[in-house]
Amino acid sequence: MDELTRLTIFGLVTAAIYFVAASGLVLTYTTSGIFNFAHGAIGMVAAFVYWELRFNPEGPGLSTPVALFLVLVVFAPLFGVLVERVLIRNLQGASLATTLVVTVGMLAFLIGVAQTRWKPESRVVRGFFEPDDVPILGVNVTWHDIITVIVAVAVAVGLRLLLYRTRIGVAMRAVVDNRTLAGLNGAQAHRVSALSWAIGSSLAALAGILLAPTLGLEIIALTLLVVNAYAAAMVGRLRSLPLTVVGAVILGLLVNYVPNYLPKLFEKDTLPSWLTGINNSLPILMLFAVLLLLPQERLGGWQARAGRRVRVPSFAQSLLGGAVLVAGAVLFVAVLGDDGVSIGDVSFTTQRLGLALAFGLIILSLVPLVGYAGQISLAQMTLAGVGAFVMAKVAADGSPVGLLAAMAIVGAAGGIIALPALRLRGLYLALSTLAIAVLADNMFFPQKRVFFTGSLEVDRLDLGFIDFESDGAYFVLLAIAYALAAVFVLALRRGPFGRRLLAMKDSPAACATLGLDLTRTKFAVFAVSASLAGLGGALYGGLRVAVGGQDFSMVQGLPILLLAVLGGIATASGALFGGFFYALLIILSADIKSIDSLVLFAPGLVGITLGRMPEGVVPDLADRSRRLLARLRSGPDPAVVERREQRAALAALDSDIPLGAPLEPEQVQALDARLGTEEVTPVGVAGD
Amino acid sequence: MALLATKHVGVSFGGLRALDQVDLTVEPACVTGLIGPNGAGKTTLFNVVCGLQETNAGQVLFDDADITKLKAYERARRGLARTFQRLEVFGSLSARDNVLTAAEIHKSWSHDESDPEAVTEELVERIGLHDVADEQADTLPTGMLRLVEVARALAARPRVLLLDEPSSGLDEHESDVFAKLLLDLAGEGLAVLMVEHDVPLVMEVCTTIHVLDFGKMIAVGTPAEIQSNADVQAAYLGGATGNGDA
Ligand SMILES: Nc1ncnc2c1ncn2[C@@H]1O[C@H](COP(=O)(O)OP(=O)(O)O)[C@@H](O)[C@H]1O
Ligand SMILES: [Mg+2]
């Protein structure tokens, strides 16, 4: 049988699954303007539910059609409507940061729920009519595969008819561009959005169920495989279904051809070891390439919103704060010793509390990047992993050179992340950093010379005259490192560089016309942030003594961003709060059996609820208490009310379209009308 | 030779010709006006000049050099600065820090010895921002923000200052003060190019006025010439009332 034919047929089957997954993503994005990072996780949960209903030996053992009906027509759409109702509806007009945190939070939450509910064991999902197959062009194709392709074609035709032939479909397409132009009132717009989330969620479930027989019921793998569909969706720039088909076909063929033909280019038909993991990484590589190659759609970038003013501590105040932290750590160790203190069943050892500081440091590395400069990175834990790796390799004896090397090398690696950031903004930047994290998981960390399959020992710092071998001493070291880093970050904020970063976030266009080289500035902030993450990773490695790739995986990195936003992305105290929160979750889950999975889904839950407190908990509380005090003193402040209105007006301006972006004439009119700065000019006349 | 000039500049957005063969000249030490109805292409021309909008045709010349291929920040470093009709203030910084940031950016690449803080204080006084200097910019009213943008642009030490509808949002008195400021700046040798709908203001301060209509430059001349120009009457002033857009 002809190999190429076989691979092509299987490529098209793969493409069919990717298309089903991607089409759901495109549908929800076009109708609500919100990119659903949790799309894959919904498919994963649905596949597990399907297994429960159909195959679980202890379950109801329903027949295939009934199980499919329950999952695809009842469970998934209801879930979609619920998500739309509870989360998405509130996100209308929210900044990208908020929408990102909410859907990434949902991703982390669903993974956590699944890990809690379905502990690893072998579960089998059989394909439809397995094991029967039919020969096509001399290739034996299973009924499951044939059904997959038929389903995909049906989805494509169905969506096309829905979007172009029905009134609600037309409204769906119009609603994201302009609610008022679509002529919908609020309730209708909500109904349209709810419907699209119901269908989108059902399509995610369908993709999950189609994938499960070949892939197995693996939580992360299933989630990620649907993530792979992002690449296909991105070919259509998240808008066009026909182009999504093209993307899915390219992707499907790629993942079938490359594993077969690529090794033939090398000696003995085997891949060199540095290429291990390439097969699993193809979709991510394609996503990366598509992101970088597609002509830039400049709409929908990271929108700097008029935010609350975050108080910046003076140099003296930040020094004082740092000193208090270090003194507290010293006191803790001096009084309670390395083993710290136990409260009930929970023991707070210095090693465990050190986690708070180490995570705090990694979270702090996001403050200049996300908080000040308005860039985004989902790869911060990856960078920390590189830091730990460098420390392990360079400083086998715990020499301080290791820490310096970690900062320098990871700082340079930050430049790699900055590369896409030079062209991409907002959502696309977030996706590209996610791609980098997944790539590192697949191709860098598993390298023989990196973490390989096990873990590496990371030595604790030894300065010669003093070492930090004991847990207590290391705890103090972490406190010192955090304090220094926080003082540094706050000094940046108060200085010219910090002002420049905020300025760049608020208006890149104005910065450029004032002579600021945005490229260099972005490189600089990515490098600074990365080198802090590298330092954090190197110290975290020493704290844990031995670490491996799984400690720095993409999934491990999600809580970092969520907790950074929880604490307040622009403050050093918020980063520390985030670190403590995370460490507390870990400690409680470890010691209290009844809540042992708290750590798995609590960060996700935090992310989801953050939709309502986008500035983060610490600034929010600080602000509330300040306002309360002020009110106690002088009654309600009319300025507060007035400013809120002005801010809302300014936020509307900010969410505008960047200069030079190509627009449809109607969009321009709508914008002008909304801004109220100009009368609407009938643009059509100008072309004549 | 003019300090700043565009030659046959063309820009299209899809099928829409936003600018068509546009020539513009700006001389030092005076205020040049650019007027025209809404949607005429004035802001687009500003974007072309400062490098935020790519052109389909034509050149931008500055100080006898062709700067068409330069990036926005490179043009700024040669001495172009602007304000924005759709405000682009740094909302999360105070009004003073808006100006200071510009002064610091200037210092970071030029070998200018002057102290950015001092430059900032001087501008804050001169533009009349002292009362609001410590307020976070996004809490200020629009008229004030336009002045913040002017001060910020001046902190970049430009040779040409482009102002896009700077007086909308100012009251009559503020507008008079602003006119005086413009004349002073021109008196110091600065070239000012201003898009403005306030016709009396334009007539008062401008030496030369360019009129843009539907992407075409339909007239150039002194205020008196422009006021009596029949094309301009027809296209813009719409019946010689002389106050604002058609
Ligand atoms: N980014 C853009 N995409 C499409 N059309 C645009 C864009 N910017 C401006 N236009 C159109 O170009 C024309 C000129 O606009 P503009 O330069 O803003 O006019 P003015 O500043 O004179 O009011 C208008 O018809 C406007 O709708
Ligand atoms: Mg304009």
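Within every chain, numbering begins at 1; the chains are lettered A, B, ... in the order of the sequence lines, protein sequences first and strands thereafter.
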Item to check | Pairing residues for B:Asp20 by the salt bridge (charged side-chain N to carboxylate O under 4.0 Å, His left out) criterion, not counting sequence neighbours | outcome: B:Arg17, B:Lys216
Checklist entry - For the atom pair CZ (B:Arg82) and CG (A:Leu514), what is the distance rounded to the nearest 0.5 Å? => result 10.5 Å
Checklist entry - If you round to the nearest 0.5 Å, how far is OH of B:Tyr73 from OG1 of A:Thr521? => result 9.5 Å
Checklist entry - Which one of A:Leu502, A:Leu518, A:Leu516 has the most heavy-atom pairs closer than 4.5 Å to chain B? => result A:Leu516
Checklist entry - Which atoms form the tightest heavy-atom contact between A:Gly515 and B:Ala76, and what is the distance? => result N-CB, 3.3 Å
Item to check | Close contacts, residues 154-163 of chain B versus chain A, judged by heavy atoms under 4.5 Å | outcome: B:Ala156
Checklist entry - What distance separates A:Ser507 OG from B:Glu149 CD, expressed to the nearest 0.5 Å? => result 8.0 Å
Item to check | Side chain / backbone / both / neither for B:Ile105 at chain A, heavy atoms under 4.5 Å | outcome: both
Checklist entry - For chain B, which residues from residues 494-501 of chain A have at least one heavy atom closer than 4.5 Å to it? => result A:Pro496, A:Arg499, A:Arg500
Item to check | Distance, nearest 0.5 Å, that separates CG of A:Asp506 from CG of B:Leu93 | outcome: 6.0 Å
Item to check | Contacts of B:Thr101 that satisfy side chain to side chain donor-acceptor pair (under 3.5 Å) - sequence neighbours left out | outcome: none
Checklist entry - Could you go step by step and tell me if A:Thr513 and B:Leu80 meet the side chain to side chain contact (heavy atoms under 4.5 Å, CB included) rule? => result CA-CA 8 Å; A:Thr513 59; B:Leu80 284 170; over 6 Å; no
Next on the checklist: Other residues, nucleotides and ligands only: do more than 12 of their heavy atoms fall within 6.0 Å of CD on B:Glu74?
Outcome noted: yes
Checklist entry - Where is the tightest heavy-atom contact between A:Ala510 and B:Phe90, given as atom of each residue plus distance? => result CB-CE2, 3.8 Å
Checklist entry - Is it the backbone or the side chain of B:Ser108 that comes under 4.5 Å from a heavy atom of chain A, or both, or neither? => result side chain
